[in-house]
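So you know, we letter chains A, B, ... as the sequences are listed, proteins then strands, and number each from 1. Values reported hereafter were calculated over all heavy atoms of this structure, with side chains retained and with hydrogens, waters and symmetry mates removed. Keep in mind that what you see is a predicted model, and the values were worked out from it rather than measured.
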There are 2 protein chains.
Amino acid sequence: MPAETAGRPAPRRTTLSKETVLRTAVALADEAGTGVPSMRRLAERLGVEAMSLYHHFRNKDLILDGMVDLVFGEIELPPDDVDWRTSMRRRAVSMRGALIRHPWAISLMDSRKNPGHATLRHHDAVIGRLRSGGFSIAGAAHAFSVLDSYVYGFTLQELSLPFTSSAGLEDTADSILKQLPRDEFPHLTEMITDHALKPGYAYTEEFGIGLDLILDGLQRRRESWP
Amino acid sequence: MPAETAGRPAPRRTTLSKETVLRTAVALADEAGTGVPSMRRLAERLGVEAMSLYHHFRNKDLILDGMVDLVFGEIELPPDDVDWRTSMRRRAVSMRGALIRHPWAISLMDSRKNPGHATLRHHDAVIGRLRSGGFSIAGAAHAFSVLDSYVYGFTLQELSLPFTSSAGLEDTADSILKQLPRDEFPHLTEMITDHALKPGYAYTEEFGIGLDLILDGLQRRRESWP
DNA sequence: GGTTTTACCCTTACGGCGTAAGTGCAGAGA
DNA sequence: TCTCTGCACTTACGCCGTAAGGGTAAAACC
């Protein structure tokens with residue numbers, strides 16, 4: 001196999017595999033703000049014409065399926081060497097991390113219908129760990145549902161925030177406040193001025209607070225669920 | 001003003017207002033499966049050319065902003081004549097309803113940055129009801145975050161299910177099971193066969209179970225949050 | 001009534017999208 | 001050597017959002 005030439009186009013002897021295409025697609029999607037790449041852009045990055053991709057994937061949806069599955073593959077499976085609660089907590093934190101590293105993924109998930117191998121393995125492991133932690137089948141279903149809903153929803157909101165750092169928060173909140181009719185939305189303005197703008201506030205910490213609340217509830221119900 | 005002619009085009013004397021455009025856009029988006037309409041399709045429904053819309057909205061994003069705000073306007077504000085817990089529960093149920101009636105909305109929310117008037121009013125009312133229910137500012141922030149995360153996340157997953165009725169569930173689950181390597185994903189198959197396929201199972205009920213779990217947790221923490 | 005202004009709506013055009021259909025070429029097996 | 005087969009390429013179509021500018025009917029003024 002020839003070494004990659006220094007120039008633009010990738011060496012055109014090794015055939016492009018599904019693997020390569022998907023990895024490149026994910027990398028491209030991660031690059032700032034561009035979102036999911038078009039077939040043309042993806043092909044260009046691979047040193048190939050757009051239509052060549054259709055020899056490996058019947059249509060773009062299958063590429064998106066593959067990309068989502070790669071993201072699922074990055075989520076830490078719930079470990080077995082700690083109690084179920086710690087295990088679920090670590091899985092949730094890892095999941096949030098993956099969704100934040102790949103902000104395009106969460107918007108894709110709701111349109112994807114064909115779970116990939118990594119996705120199935122992930123789901124199976126989570127259910128398995130809940131079962132071994134003492135949850136009944138129904139209980140595991142409830143736990144899985146509430147946990148995943150929370151992680152998805154929290155991350156969805158987090159990603160839509162127009163800032164990343166807490167310095168950015170200050171600027172944004174300030175400019176929002178300026179436009180906000182103070183007397184029409186008193187509670188909202190109060191919350192922004194007295195809470196979100198307080199030094200040391202970090203939205204990130206909210207994640208753990210809600211997560212622990214849910215884990216508490218699960219612990220309390222674990223044995224009463226049929 | 002002339003009466004509407006029997007033919008296709010809407011009467012072209014009344015000028016089209018933002019209101020009309022947004023309402024039509026929402027109605028069009030709700031129609032089965034089509035998703036958010038293109039500018040051309042939206043204009044066509046209004047009996048107008050696509051470019052005419054740009055006299056009322058600087059670009060399509062502003063239309064999407066308006067559509068999302070209309071959806072927020074449909075969510076029941078938390079009532080004052082019941083205890084905070086019931087009030088929050090009703091709001092959550094109403095919110096889920098709105099998001100399900102307008103399945104395109106949730107995917108739009110993560111990309112929208114400019115909250116509309118109805119959205120702000122909604123947020124203000126929720127925070128206000130939590131405060132009057134005895135939550136501190138920080139407590140209200142925590143409660144709002146965990147509740148909204150759950151509602152968003154649950155609905156997001158619910159919408160991505162490939163079936164609507166529980167009869168549809170049965171068919172889908174069956175066909176999934178057939179493709180699933182039983183021995184590789186034992187817990188997943190077990191859950192589908194022994195739980196999801198049990199008569200009387202309705203995914204919808206999951207929503208209330210998780211919601212009540214969260215509300216319990218909030219009740220327990222309400223007074224300890226600074 | 002006549003004129004001007006204003007408010008909308010229309011036409012045309014551009015570059016980008018996903019992908020259907022068909023062509024060309026290089027390596028493997030006979 | 002020749003054919004076959006797999007992969008990449010070319011061309012083209014009908015969508016999309018929207019920039020730029022032209023046309024006209026109602027309203028406002030004299």
S.K.: For the CZ atom on R41(B), are there more than 12 heavy atoms of other groups (residues, nucleotides or ligands in this structure) within a distance under 6.0 Å?
M.R.: no
S.K.: When you measure from the side-chain N and O atoms of H56(A) to the phosphate of dG6(D), is any distance below 4.0 Å, counting only OP1 and OP2?
M.R.: no
S.K.: Rounded to whole angstroms, how far apart are CG on L53(A) and P on dC17(C)?
M.R.: 13 Å
S.K.: Is a donor-acceptor contact shorter than 3.5 angstrom present between the side chain of H55(B) and the base of dC9(C)?
M.R.: yes
S.K.: Once you round it to whole Å, what is the distance between C1' of dG21(D) and OH of Y54(B)?
M.R.: 16 Å
S.K.: Which residue, E49(B) or D61(A), contacts DNA chain C at a nucleotide closer to its 5' end, judged by nearest heavy atom?
M.R.: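 Here E49(B) is the residue nearer the 5' end.
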S.K.: Closest approach of H195(B) and I137(A), non-hydrogen atoms and distance?
M.R.: CB-CG2, 3.6 Å
S.K.: What is the nucleic acid contact for R58(A), judged by heavy atoms within less than 4.0 Å: base, sugar-phosphate only, or nothing?
M.R.: nothing
S.K.: Is S52(A) close enough to dC9(D) that one of its side-chain N or O atoms is under 4.0 Å from OP1 or OP2 there?
M.R.: yes
S.K.: Nearest-Å distance, NZ (K18(A)) to P (dA8(D))?
M.R.: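 Interatomic distance, NZ of K18(A) to P of dA8(D): 13 Å.
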S.K.: Which nucleotide in the set dT18(D), dC9(C), dT10(D) lies at the smallest distance from any side-chain heavy atom of M51(A)?
M.R.: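 Selected nucleotide (nearest to the side chain): dT10(D).
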S.K.: Determine whether a donor-acceptor pair (N or O, by modelled atom type, separation under 3.5 Å) exists between the side chain of R129(B) and the backbone of P79(B).
M.R.: yes
S.K.: Give a yes or no on whether a donor-acceptor pair under 3.5 Å exists between the nucleobase atoms of dG17(D), that is its base, and the side chain of R40(B).
M.R.: yes
S.K.: Could you tell me whether the phosphate oxygens of dC16(D), OP1 or OP2, come under 4.0 Å of any side-chain nitrogen or oxygen in R41(B)?
M.R.: yes
S.K.: Please report, rounded to the nearest Å, how far the P atom of dT11(D) is from the CE atom of M39(A).
M.R.: 19 Å
S.K.: Return the value, rounded to whole Å, for the distance between atom CZ of F57(A) and atom C1' of dC7(D).
M.R.: 14 Å
S.K.: So, for D124(A) and H187(B), which heavy atoms are closest and what is the spacing to 0.1 Å?
M.R.: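 Shortest heavy-atom separation between D124(A) and H187(B) comes out as OD1-N, 2.9 Å.
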S.K.: Taking the minimum atom-to-atom distance to the side chain of V48(B), which one of dC10(C), dC17(C), dT19(C) wins?
M.R.: dC10(C)
S.K.: Provide, to the nearest angstrom, the distance between the CG atom belonging to N59(A) and the P atom belonging to dT19(C).
M.R.: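 N59(A) atom CG is separated from dT19(C) atom P by 5 Å.
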S.K.: Check whether F154(A) forms a cation-pi arrangement with R96(A) (NZ or CZ under 6.0 Å from the six-membered ring centre, at most 45° off the ring normal).
M.R.: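 Not satisfied by the 6.0 Å and 45° rule.
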